[in-house]
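Everything on this sheet refers to the single structure shown next.
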Amino acid sequence: MPRTIRPTPSLIRAAACLGIAALTLTACGSGSGSDSAGDGSGSVKVGLITKTDTNPFFVKMKEGADKAAKDSGAQLITSAGKFDGDNAGQVTAIENMIAAGVKGILITPSDSKAIVPALEKARAKGILVIALDSPTDPENAVDALFATDNLRAGEMIGAYAKASMKGRTAKIATLDLAPGVAVGVQRHNGFLKGFGIGEKDPAIVCSQDTGGDQAKGQTAMENCLQKAPDINVVYTINEPAALGAYTALKAKGREKDVLIVSVDGGCTGTQAVKDGKIAATSQQYPLKMAAEGVGAVVKYAKDDKKATGYTDTGVSLITDKAQAGAASKDTAYGLDNCWG
């Protein structure tokens, strides 16, 4: 017959100590704070998924989220696509964050339509999902959107370009992003609205996609100059594309007589405005988007109230050559508030 082992006081004390040690390790591994993540981890877990982790815009966004998380005692989990347009990478990141027990996911969607099923899966589990910078398609595929009003950003530089031309006949090149990408479409349409023309207006003599890349922006400008050598206004989706356009124009000796306007407000682009390479840019604020997004997730963890709808995180026209009817701030302000 097997011998019964009775627990001695020393065994009881040892078991208790092991239990306390295990609890201590669990707490230390996940940070401090209330158990708002819903998985016993102790702190609110916030997921941030950007398009890439190399673009200065998203680097600044991550910095803003990281600071906001630390200030509020939350735990930030980050991921990014391998390249702009890497929807599969973002889907995997969402699945990993669901498994990690995040309370909310902040995402800059690479593909506004293709990402929707993965986001719906997260929302079905009670996770707050907020789009940053780029809306989904449809927009209600997320709980909320914290972003620049990209239509307004385009409209501001369009109105500025119109005022700068002072009645001269415009020959416009648009250096766009890519077909169907919401941010690119909104900025493009905003520029046309601000300039006071439609998509089929004869003032538009060339349109090329650049993917927001500087080298592709240069190639696109070279192609446009071959098609229409008398171009005198260039709209660009962002400042890397604008600097590519400037390089192409300079090679033709046209850099001083062509007006270039853009959107983003990164430090390199804002410096280019100061240096006269770009006439004006609409500056947006990625740090604010991320900080407000983290704050919304932490609030949801505390009171179970989800952020909803659209939050405009602001935009400013930056130029040192102000034009009547186009409210602007100078590059000193722009450089104080730039990113990258």
Side-chain angles (χ1 to χ4, degrees), residues 112-113 133-139 145 147-213 216-217 219-242 244-246 248-249 254 257-265 278-284 310 312 315-319 321-328:
S112 57
K113 286 186 178 180
D133 181 52
S134 305
T136 52
D137 185 5
E139 287 191 20
L145 169 65
T148 305
D149 183 342
N150 282 292
L151 186 71
R152 175 62 183 151
E155 190 176 351
M156 290 169 75
I157 58 167
Y160 175 86
K162 180 72 171 180
S164 297
M165 291 302 288
K166 293 181 172 62
R168 289 177 292 154
T169 301
K171 300 289 185 180
I172 302 170
T174 69
L175 303 192
D176 299 302
L177 186 58
V181 180
V183 170
V185 172
Q186 290 169 352
R187 292 182 185 182
H188 174 94
N189 291 346
F191 170 80
L192 299 186
K193 181 181 178 181
F195 205 91
I197 57 177
E199 188 66 56
K200 302 298 184 181
D201 196 287
I204 305 170
V205 296
C206 185
S207 293
Q208 296 266 306
D209 290 330
T210 68
D213 178 78
K216 291 179 181 177
T219 300
M221 191 72 249
E222 290 168 350
N223 292 339
C224 283
L225 286 171
Q226 288 181 354
K227 181 180 179 181
D230 57 347
I231 286 168
N232 54 16
V233 177
V234 179
Y235 153 80
T236 66
I237 178 63
N238 64 6
E239 292 143 7
Y246 176 84
L249 288 164
R254 297 286 317 283
D257 61 301
V258 177
L259 184 81
I260 302 175
V261 292
S262 195
V263 179
D264 259 359
I278 302 172
T281 193
S282 287
Q283 185 173 69
Q284 53 182 340
Y310 168 60
D312 185 354
V315 63
S316 302
L317 180 68
I318 304 298
T319 184
K321 298 177 181 178
Q323 298 293 332
S328 63

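- Put simply, the side chain of Tyr235 never gets that close to the backbone of Leu175: no donor and acceptor are under 3.5 Å apart.
- Looking only at distances, no side-chain donor or acceptor of Arg152 sits under 3.5 Å from a matching main-chain atom of Gly190.
- Gly198 and Ile204 make their closest contact through O-CD1, 3.6 Å (heavy atoms, listed as atom of the first residue, atom of the second, distance).
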Q) Would Met165 and Val233 satisfy side-chain contact (heavy atoms from CB on, under 4.5 Å), going step by step from the backbone distance to the final call? A) CA-CA 9 Å; Met165 291 302 288; Val233 177; 3.5 Å; yes
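- With rounding to the nearest 0.5 angstrom, the NZ atom of Lys216 is 13.0 Å from the CG atom of Asn223.
- Contact detail for Val315 and Ser282: the closest heavy-atom pair is CG2-CB, 3.8 Å.
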Q: Please lay out, stage by stage, how Asn189 and Val185 fare under the test side-chain contact (heavy atoms from CB on, under 4.5 Å).
A: CA-CA 6 Å; Asn189 291 346; Val185 172; 3.4 Å; yes
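- Residues Cys224 and Ile231 have side chains in contact (heavy-atom distance under 4.5 Å, counting atoms from C-beta outward).
- Between Thr281 and Glu239 the shortest side-chain heavy-atom distance falls below 4.5 Å.
- Of all the heavy atoms in Ala242 and Ile260, the pair that sits closest is CB-CG2, 3.9 Å.
- Remark: the backbone N or O of Thr169 is paired with a side-chain donor or acceptor of Asn232 at under 3.5 angstrom.
- Closest approach of Ala182 and Pro135 over heavy atoms only: CB-CG, 3.8 Å.
- The shortest side-chain heavy-atom distance between Gln186 and Asp149 does not fall under the 4.5 Å cut-off.
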Q: Take Thr319 and Tyr160 through the side chain to side chain donor-acceptor pair (under 3.5 Å) test and state the conclusion after the steps.
A: CA-CA 10 Å; Thr319 184; Tyr160 175 86; 3.2 Å; yes
Q) Taking it one step at a time, do Tyr246 and Val258 satisfy side-chain contact (heavy atoms from CB on, under 4.5 Å)? A) CA-CA 9 Å; Tyr246 176 84; Val258 177; over 6 Å; no
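- A side chain to side chain donor-acceptor pair (under 3.5 Å) with Arg187 is found for one member of Thr148, Asp264, Asp176 and no other, namely Asp264.
- Between His188 and Thr174 the shortest side-chain heavy-atom distance falls below 4.5 Å.
- Put simply, CD on Glu155 and CZ on Phe191 are 12.0 Å apart, with the number rounded to the nearest 0.5 Å.
- Nearest heavy-atom pair, Pro229 versus Arg254, reported as atom, atom and distance to 0.1 Å: O-NH1, 2.5 Å.
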Q: Might you work through the side-chain contact (heavy atoms from CB on, under 4.5 Å) test for Met221 and Gln208, ending with a clear yes or no?
A: CA-CA 8 Å; Met221 191 72 249; Gln208 296 266 306; over 6 Å; no
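- In this structure, the separation between CG on Leu145 and CD on Glu139 is 6.0 Å, given to the nearest 0.5 Å.
- With Ser262 contributing its side chain and Asn238 its backbone, the two residues share a donor-acceptor pair below 3.5 Å.
- One distance of note links CG of Leu177 with OG1 of Thr236; it measures 11.0 Å at 0.5 Å rounding.
- With hydrogens and angles left out, the side-chain atoms of Thr136 and Ser112 include no donor and acceptor closer than 3.5 Å.
- How far CG of Asp230 is from NZ of Lys171: 5.5 Å, rounded to the nearest 0.5 Å.
- Here the shortest heavy-atom pairing between Gly184 and Ile237 reads CA-CD1, 3.5 Å.
- Side-chain polar atoms of Gln323 and Lys162 form no donor-acceptor pair below 3.5 angstrom.
- Separating the CD1 atom in Ile172 from the CG atom in Asp201 is a distance of 7.0 Å, to the nearest 0.5 Å.
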